Amino acid sequence: MRDQRILIGDFTRREFREMLQAGTLKAAIVPTGTTEQHLEHLEMCHDSASATLVAHRAATALHPAVVVAPTVQVGVSEHHMMHPGTLTTRVGTFLDYVFDICESITRAGIERVLILNGHGGHMHPLRKELTRYRQLLGPGIVYATYWDLYSDDEVYSLVRSKRVPGHANEFETAFALAGFPERVHEEAIEDEGAGLATREQGERAIEIVVPHVERLLRRMIAGESPTVEPRSFRPEGTLVGAESFPYQAGRTESDRC
């Protein structure tokens with residue numbers, strides 16, 4: 001059976017070194033998510049689990065050219081701290097931590113790194129910080145939240161509530177029902193939008209987005225440095241651009257200390 005390992009930590013240093021020397025490795029993915037409340041019915045790892053699932057499937061499809069770093073599972077979630085169990089970091093701490101992971105990968109010799117995000121609260125700070133990452137690490141650093149890659153038609157034909165991502169609503173609930181159903185507590189669903197979710201929707205959502213991520217990685221491997229603008233799909237239309245998503249502002253002066 002062909003070796004299907006994709007996680008960086010699953011290789012020995014010799015194996016990894018030999019893949020680098022052979023030119024096998026072309027790109028890496030750094031998934032980012034959170035540990036935060038997702039209403040009563042989704043487990044708090046949802047954002048991390050969804051980004052991880054997409055990253056793993058895309059890397060597996062492009063094996064052995066792409067590897068995946070450990071998922072960043074605690075991020076910027078100050079806006080949910082009223083719900084015990086939520087974990088958060090300062091914006092600057094999160095951005096520097098992600099930078100350090102990317103720098104470690106580039107120092108190893110992999111110049112193409114995709115930061116694949118699964119949390120709305122990271123959309124603004126990561127997009128604004130991308131310029132600094134590229135200045136310091138090179139143009140091969142690319143950032144995208146996975147739902148940024150859907151087209152309007154794909155979203156509005158898929159989700160009846162016309163809202164993506166929608167915190168623990170129809171889209172995220174459907175995604176979880178398909179991707180990791182053991183993490184959905186259906187008996188606890190209270191949200192009207194979440195009640196619309198089906199496993200079939202989630203399966204289709206995953207089937208659509210994974211090839212989008214594959215194509216993005218292929219472009220990166222070919223030498224392109226795509227810039228993917230943050231997108232949020234709402235009943236009144238699609239919002240595009242980092243300024244539309246001030247969930248968390250960019251780093252503050254205290255973050256820079």
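Computed from a predicted structure; not experimentally measured. Throughout, residue positions are numbered sequentially from 1 according to the sequence presented.
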Could you tell me if the side chain of [Y] sits less than 4.5 Å from the side chain of [X], heavy atoms only?
| X | Y | answer |
| --- | --- | --- |
| Ser50 | Phe180 | yes |
| Arg183 | Leu42 | no |
| Phe99 | Leu136 | yes |
| Val210 | Tyr146 | no |
| Val67 | Leu7 | no |
| Leu217 | Ile29 | yes |
| Ile115 | Val98 | yes |
| Leu114 | Met220 | yes |

Given the rule that I, L, V, M, F, W and Y join up when any side-chain heavy atoms are under 4.5 Å apart, are [X] and [Y] in one cluster?
| X | Y | result |
| --- | --- | --- |
| Phe175 | Val184 | no |
| Val74 | Met123 | no |
| Leu62 | Phe16 | yes |
| Phe94 | Met44 | no |
| Tyr150 | Leu196 | no |

Q.
Pair Val164, Arg234 - check side chain to side chain contact (heavy atoms under 4.5 Å, CB included), show working.
A. CA-CA 7 Å; Val164 171; Arg234 303 182 183 180; over 6 Å; no

Q: Indicate yes or no for a side-chain donor-acceptor contact from Asp148 to the backbone of Arg231 under 3.5 Å, with no hydrogens or angles considered.
A: yes

To the nearest 0.5 Å, tell me how far [X] [atom1] sits from [Y] [atom2].
| X | Y | atom1 | atom2 | value |
| --- | --- | --- | --- | --- |
| Leu39 | Asp191 | CG | CG | 5.5 Å |
| Thr88 | Met81 | OG1 | CE | 6.0 Å |
| Glu172 | Asp47 | CD | CG | 5.5 Å |
| Ile105 | Ile110 | CD1 | CD1 | 6.5 Å |
| Cys102 | Leu137 | SG | CG | 6.5 Å |
| Phe11 | Asp3 | CZ | CG | 6.0 Å |

Compare every heavy atom of [Y] with every heavy atom of [X], then report the nearest pair and how far apart it is.
| X | Y | result |
| --- | --- | --- |
| Asn169 | Arg163 | OD1-CD, 4.2 Å |
| Val240 | Glu229 | CG1-CB, 3.8 Å |
| Trp147 | Pro165 | CZ2-CG, 3.4 Å |
| Ile189 | Gly195 | CG2-N, 3.8 Å |
| Glu224 | Arg112 | O-NH1, 3.4 Å |
| Thr86 | His80 | OG1-O, 3.3 Å |

Between [Y] and [X], is there a side-chain donor-acceptor contact under 3.5 Å, judged purely by atom types and distance?
| X | Y | result |
| --- | --- | --- |
| His41 | Thr173 | yes |
| Glu154 | His212 | yes |
| Ser161 | Glu170 | yes |
| Tyr143 | Thr227 | no |
| Ser77 | Glu36 | yes |

Q) Could you walk me through whether Leu116 and Thr32 pass the side chain to side chain contact (heavy atoms under 4.5 Å, CB included) check? A) CA-CA 6 Å; Leu116 187 66; Thr32 62; over 6 Å; no

**Q.** Check against side chain to side chain donor-acceptor pair (under 3.5 Å), Thr71 and Ser48
**A.** CA-CA 7 Å; Thr71 300; Ser48 299; over 6 Å; no

**Q.** Criterion side-chain contact (heavy atoms from CB on, under 4.5 Å) against Val30, the qualifying member of Val113, Asn117, Ile141
**A.** Val113

More than 12 heavy atoms of other groups within 6.0 Å of [X] [atom1]:
| X | atom1 | value |
| --- | --- | --- |
| Glu192 | CD | no |
| Glu40 | CD | no |
| Tyr97 | OH | no |

Q.
Run the salt bridge (Lys or Arg N to Asp or Glu O under 4.0 Å) test on Glu18 and Arg14 for me, step by step, so that the C-alpha distance in whole Å, both residues' side-chain angles and the decisive distance to 0.1 Å come before the verdict.
A. CA-CA 6 Å; Glu18 289 178 346; Arg14 175 181 177 180; 3.0 Å; yes

Q: Begin with the C-alpha distance, continue with both residues' side-chain angles, and end with the deciding distance and a verdict on salt bridge (Lys or Arg N to Asp or Glu O under 4.0 Å) for Arg132 and Asp96.
A: CA-CA 11 Å; Arg132 185 177 78 97; Asp96 285 343; 3.1 Å; yes

Q: Determine, step by step, whether Arg90 and Glu78 satisfy the salt bridge (Lys or Arg N to Asp or Glu O under 4.0 Å) criterion, reporting the C-alpha distance in whole Å, the side-chain angles of both residues, the deciding distance to 0.1 Å, and the verdict.
A: CA-CA 8 Å; Arg90 288 168 292 173; Glu78 183 63 39; over 6 Å; no

(Q) Using the rule given for side chain to side chain contact (heavy atoms under 4.5 Å, CB included), can you reason through Thr89 versus Val76, listing the C-alpha separation, both sets of side-chain angles and the distance that settles it, and then say yes or no? (A) CA-CA 5 Å; Thr89 68; Val76 182; 4.3 Å; yes

Q.
Before you tell me yes or no, could you show the steps for Lys26 and Glu111 under salt bridge (Lys or Arg N to Asp or Glu O under 4.0 Å), namely the whole-Å CA-CA distance, both residues' side-chain angles and the distance that decides it to 0.1 Å?
A. CA-CA 8 Å; Lys26 305 296 185 182; Glu111 297 179 355; over 6 Å; no

(Q) I need the single residue from His46, His38, His79, His124 that forms a ring pair (Phe, Tyr, Trp, His ring centres under 6.0 Å) with His119. Which is it? (A)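 It is His79, the one option of His46, His38, His79, His124 that forms the ring pair (Phe, Tyr, Trp, His ring centres under 6.0 Å) with His119.
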
Q: Let me see the working for Arg57 and Ile206 under side chain to side chain contact (heavy atoms under 4.5 Å, CB included), right down to the final yes or no.
A: CA-CA 9 Å; Arg57 293 200 182 183; Ile206 294 169; 3.4 Å; yes

**Q.** Glu15 with Arg5: basic N within carboxylate O range, under 4.0 Å
**A.** yes

